[in-house]
Undergrad: 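Sharing a structure with you now.
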Amino acid sequence: MNIFMIGGTGLLGSAAAQLFVDKGHSVKTLSLPPLPIGAPLPQEMEIMLKDANKLSDDEMLELMQGSDIFVFATGVDERVEFPAPVYDAYYKYNIAPLERLLPLAKKAGMKGAVVCGSYFSWLAKDRPDMLLCDKHPYIRSRIDQETVCEQYADADFQVGVLELPYIFGTQPGRKPVWVILIEQLQRFEKMPFTMYPNGGTAMLTVRQVGQAMVGAAEQAFENASQGRGIYRAYGISCYNMTWREFLKIVYRAMNDEPNRKIVDVPKWTFQAFGYVMRRDYKERNVDAGIDPVGLADIMGMNLFIPTDDCKELGCTPDNIEKAIYDSISLSKEAFEGKARLVEMKSE
């Protein structure tokens, strides 16, 4: 297959690109500069340092010619702060590009697309009673993103959305998203214990995300080539871990403190802190993609996803504890200013 990717030099895109190359596929990508120093990008990948949003439709269509599968390995998540209304930013980076690029990919004769989405979409569909789209602009935007993807899928063009959970692993030269966790845990630095909700989360490693992207692309190509393409949202998880289990690894990586005491936070306490965060956002003119008060409902549950879809896509076992350890170690270096790193971008 010939793969056309946006975000192929990023943390997830580069992992997928290497796996595509290893399986004999060709890859070319549009990416934003600068490239992370020391990142192991596949030499066989054609890298075009261009902003997809600044190219005309004709220019984009010309670049897409000869490609079989479009991979959208970019966008922004709920940890990036924006002024109100935050939904507009999510639409700009996660939805509008697909409304434009998916029909262009079909016009170029491609067989399908793979889109990196969010596991909050999986939760919103699994638990409609929680009314998550009403409470959280980010979750609503991810559901709207999936609606766009489904709109362009047909028998000759399969679209797969990967509903991605917590992802661990590092790319040399690039700042991890987990610096924000280091910042959050600083409030407990002088306390003999850490207070945290008693839920948990689905997760996987960067390599496993790459495997899922490759597997979804191969499925799309095979199905559409036979005129049986579909829309498919994959619930992505290779591991399900409680916050307590997760934080034990985090503290080992942060302070070589494997036996840190973790105290469960009652839901009302987390909600009270959420009201404080609401005031902070308002004072800083920041709009929250995930409402900090409503977040208590999510953090206090075991947001665990069956691993069936990942197995179907060819994800193989990996060392999740090492991936977490490496992510937190590099995040601490970034937090302390000891590492020169490129910021994550909404390519």
Undergrad: Check whether any side-chain heavy atom of I290 sits under 4.5 Å from a side-chain heavy atom of R79, and report yes or no.
TA: no
Undergrad: Are F168 and F246 close enough, and set up right, to give a ring pair (Phe, Tyr, Trp, His ring centres under 6.0 Å), and what steps lead you there?
TA: CA-CA 11 Å; F168 295 98; F246 169 62; 5.4 Å; yes
Undergrad: Side chain to side chain donor-acceptor pair (under 3.5 Å), that's the test. Do T201 and Y119 meet it? Break it down for me.
TA: CA-CA 10 Å; T201 183; Y119 82 150; 2.9 Å; yes
Undergrad: Check the pair S118, D77 against side chain to side chain contact (heavy atoms under 4.5 Å, CB included), reporting the backbone distance first and the verdict last.
TA: CA-CA 8 Å; S118 168; D77 67 17; over 6 Å; no
Undergrad: Can you list the steps and then say if N302 with N240 is a side chain to side chain contact (heavy atoms under 4.5 Å, CB included)?
TA: CA-CA 8 Å; N302 286 330; N240 292 301; over 6 Å; no
Undergrad: Starting from I230, can I reach F221 by hopping between I/L/V/M/F/W/Y residues whose side chains sit under 4.5 Å apart?
TA: no
Undergrad: Does M213 reach the side chain of L162, with side-chain heavy atoms less than 4.5 Å apart?
TA: yes
Undergrad: Rounded at 0.5 Å granularity, tell me how far CD1 in I47 sits from OG in S31.
TA: 6.5 Å
Undergrad: Less than 3.5 Å apart, which donor and acceptor atoms pair up between the side chains of residues 97-105 and the rest of the protein, not counting sequence neighbours?
TA:
| from | atom 1 | to | atom 2 | distance (Å) |
| --- | --- | --- | --- | --- |
| E99 | OE1 | Y91 | OH | 2.5 |
| R100 | NE | D57 | OD1 | 2.7 |
| R100 | NH1 | A52 | O | 3.0 |
| R100 | NH2 | L55 | O | 2.3 |
| R100 | NH2 | S56 | O | 3.2 |
| R100 | NH2 | D57 | OD1 | 3.3 |

Undergrad: Using a strict threshold of under 4.0 Å (side-chain N to carboxylate O), is an ion pair present between E222 and K111?
TA: no
Undergrad: Are the charged groups of K92 and D88 less than 4.0 angstrom apart, N to O?
TA: no
Undergrad: Can you get from I143 to Y93 by hopping between Ile, Leu, Val, Met, Phe, Trp and Tyr side chains that sit under 4.5 Å apart?
TA: no
Undergrad: Show me, pair by pair, the donor-acceptor contacts under 3.5 angstrom made by side chains of residues 150-157, not counting sequence neighbours?
TA:
| from | atom 1 | to | atom 2 | distance (Å) |
| --- | --- | --- | --- | --- |
| D154 | OD1 | D156 | N | 2.9 |
| D154 | OD1 | F157 | N | 2.9 |
| D154 | OD2 | K106 | NZ | 2.6 |

Undergrad: Can you list the steps and then say if F193 with F188 is a ring pair (Phe, Tyr, Trp, His ring centres under 6.0 Å)?
TA: CA-CA 7 Å; F193 56 84; F188 304 111; 7.8 Å; no
Undergrad: Quickly, which of L19, I3, D22 forms a side chain to side chain contact (heavy atoms under 4.5 Å, CB included) with V214? Name it, please.
TA: L19
Undergrad: Check whether the side chains of H25 and E218 place a donor and an acceptor atom closer than 3.5 Å, and report yes or no.
TA: yes
Undergrad: With a 4.5 Å limit on heavy-atom distance, are the side chains of I182 and I328 in contact?
TA: yes
Undergrad: State, yes or no, whether a side-chain contact exists between I236 and L313 at a heavy-atom distance under 4.5 Å.
TA: yes
Undergrad: For residues T307 and Y239, is any side-chain donor paired with an opposing acceptor at under 3.5 Å?
TA: no
Undergrad: Check the pair Y231 / E146 against side chain to side chain donor-acceptor pair (under 3.5 Å), numbers first and verdict last.
TA: CA-CA 9 Å; Y231 167 74; E146 292 197 4; 3.2 Å; yes
Undergrad: Show, in sequence, the C-alpha distance, side-chain angles and deciding distance for M110 and I69, and conclude whether the side chain to side chain contact (heavy atoms under 4.5 Å, CB included) test is met.
TA: CA-CA 6 Å; M110 293 197 210; I69 296 291; 5.6 Å; no
Undergrad: Given side chain to side chain contact (heavy atoms under 4.5 Å, CB included), test M301 with L123 step by step and report yes or no.
TA: CA-CA 11 Å; M301 67 184 299; L123 178 61; 3.8 Å; yes
Undergrad: Let's go through Y166 and W243 carefully: what are the C-alpha distance in whole Å and the side-chain angles of both, what is the deciding distance for ring pair (Phe, Tyr, Trp, His ring centres under 6.0 Å) to 0.1 Å, and is it a yes or a no?
TA: CA-CA 12 Å; Y166 279 29; W243 295 127; 5.5 Å; yes
Undergrad: Do V265 and V263 sit in the same hydrophobic cluster, where Ile, Leu, Val, Met, Phe, Trp and Tyr count as joined when their side-chain heavy atoms come under 4.5 Å apart?
TA: yes
Undergrad: What closest approach, in Å, do I249 and I324 show between heavy atoms, and which atom pair accounts for it?
TA: CG2-CG2, 3.7 Å
Undergrad: Within the side chain of K135, is there an N or O that forms a donor-acceptor pair under 3.5 Å with the backbone of M130?
TA: yes
Undergrad: Around atom NZ of K50, are there more than 12 heavy atoms from other residues, nucleotides or ligands closer than 6.0 Å?
TA: no
Undergrad: Examine R127 relative to W122 and say whether NZ or CZ is less than 6.0 Å from the centre of the six-membered ring and inside a 45° cone about the ring axis.
TA: no
Undergrad: Is there a side-chain contact between L181 and L185 in this structure, where contact means two heavy atoms from C-beta onward sitting under 4.5 Å apart?
TA: yes
Undergrad: Between N2 and S26, is a side chain to side chain donor-acceptor pair (under 3.5 Å) present by the stated rule, with each step listed?
TA: CA-CA 5 Å; N2 296 321; S26 68; 2.5 Å; yes
Undergrad: M64 and A108: which non-hydrogen atoms are nearest, and at how many Å?
TA: CB-CB, 3.8 Å
Undergrad: Considering only distance and modelled atom types, tabulate donor-acceptor pairs under 3.5 Å from the side chains of residues 268-278, sequence neighbours left out.
TA:
| from | atom 1 | to | atom 2 | distance (Å) |
| --- | --- | --- | --- | --- |
| R278 | NE | D291 | OD1 | 2.9 |
| R278 | NH2 | D291 | OD1 | 3.1 |
| R278 | NH2 | D291 | OD2 | 3.0 |

Undergrad: Using a strict cut-off of less than 4.0 Å between a Lys/Arg side-chain nitrogen and an Asp/Glu carboxylate oxygen, indicate whether R252 and D256 qualify as a salt bridge.
TA: no
Undergrad: Carefully, step by step, assess Q171 and S14 under the rule side chain to side chain donor-acceptor pair (under 3.5 Å).
TA: CA-CA 9 Å; Q171 182 187 46; S14 62; 3.1 Å; yes
Undergrad: State the CG-SG distance between D144 and C149, to the nearest 0.5 angstrom.
TA: 11.0 Å
Undergrad: Ignoring hydrogens, what is the shortest heavy-atom contact between Q158 and Y234? Give both atom names and the distance.
TA: NE2-OH, 4.0 Å
Undergrad: How close do N259 and K248 get, counting heavy atoms only, and between which atoms?
TA: C-NZ, 3.8 Å
Undergrad: Minimum heavy-atom separation for K54 and E59, please, with both atom names.
TA: O-OE1, 4.4 Å
Undergrad: Between the side chains of E257 and R260, is the shortest nitrogen-to-carboxylate-oxygen separation below 4.0 Å, so that they form an ion pair?
TA: yes
Undergrad: Taking atom types as modelled, is there a side-chain donor on Q211 or T316 under 3.5 Å from an acceptor on the other?
TA: yes
Undergrad: Would you say E44 and F20 make side-chain contact, with heavy atoms under 4.5 Å?
TA: no
Undergrad: Do Y196 and I180 sit in the same hydrophobic cluster, where Ile, Leu, Val, Met, Phe, Trp and Tyr count as joined when their side-chain heavy atoms come under 4.5 Å apart?
TA: no
Undergrad: Heavy atoms only: give me the nearest G112-A220 pair and the separation to one decimal.
TA: CA-CB, 4.4 Å
Undergrad: Could you tell me whether K125 and E163 make a salt bridge, using a distance below 4.0 angstrom between a side-chain N and a carboxylate O?
TA: yes
Undergrad: Is there side-chain contact between M5 and K28, with at least one heavy-atom pair below 4.5 Å?
TA: no
Undergrad: Taking C-beta and beyond as the side chain, do S237 and L204 meet within less than 4.5 Å on heavy atoms?
TA: no
Undergrad: Thinking salt bridges, do R232 and E312 make one under a 4.0 Å N-O criterion?
TA: yes
Undergrad: What is the distance from atom CD1 of I6 to atom SG of C116, rounded to the nearest 0.5 Å?
TA: 11.5 Å
Undergrad: Starting at OG1 of T242, measure out to CZ of F304 and round the result to the nearest 0.5 Å.
TA: 6.0 Å
Undergrad: Transitively linked via ILVMFWY side-chain contacts under 4.5 Å: V286 with I139?
TA: no
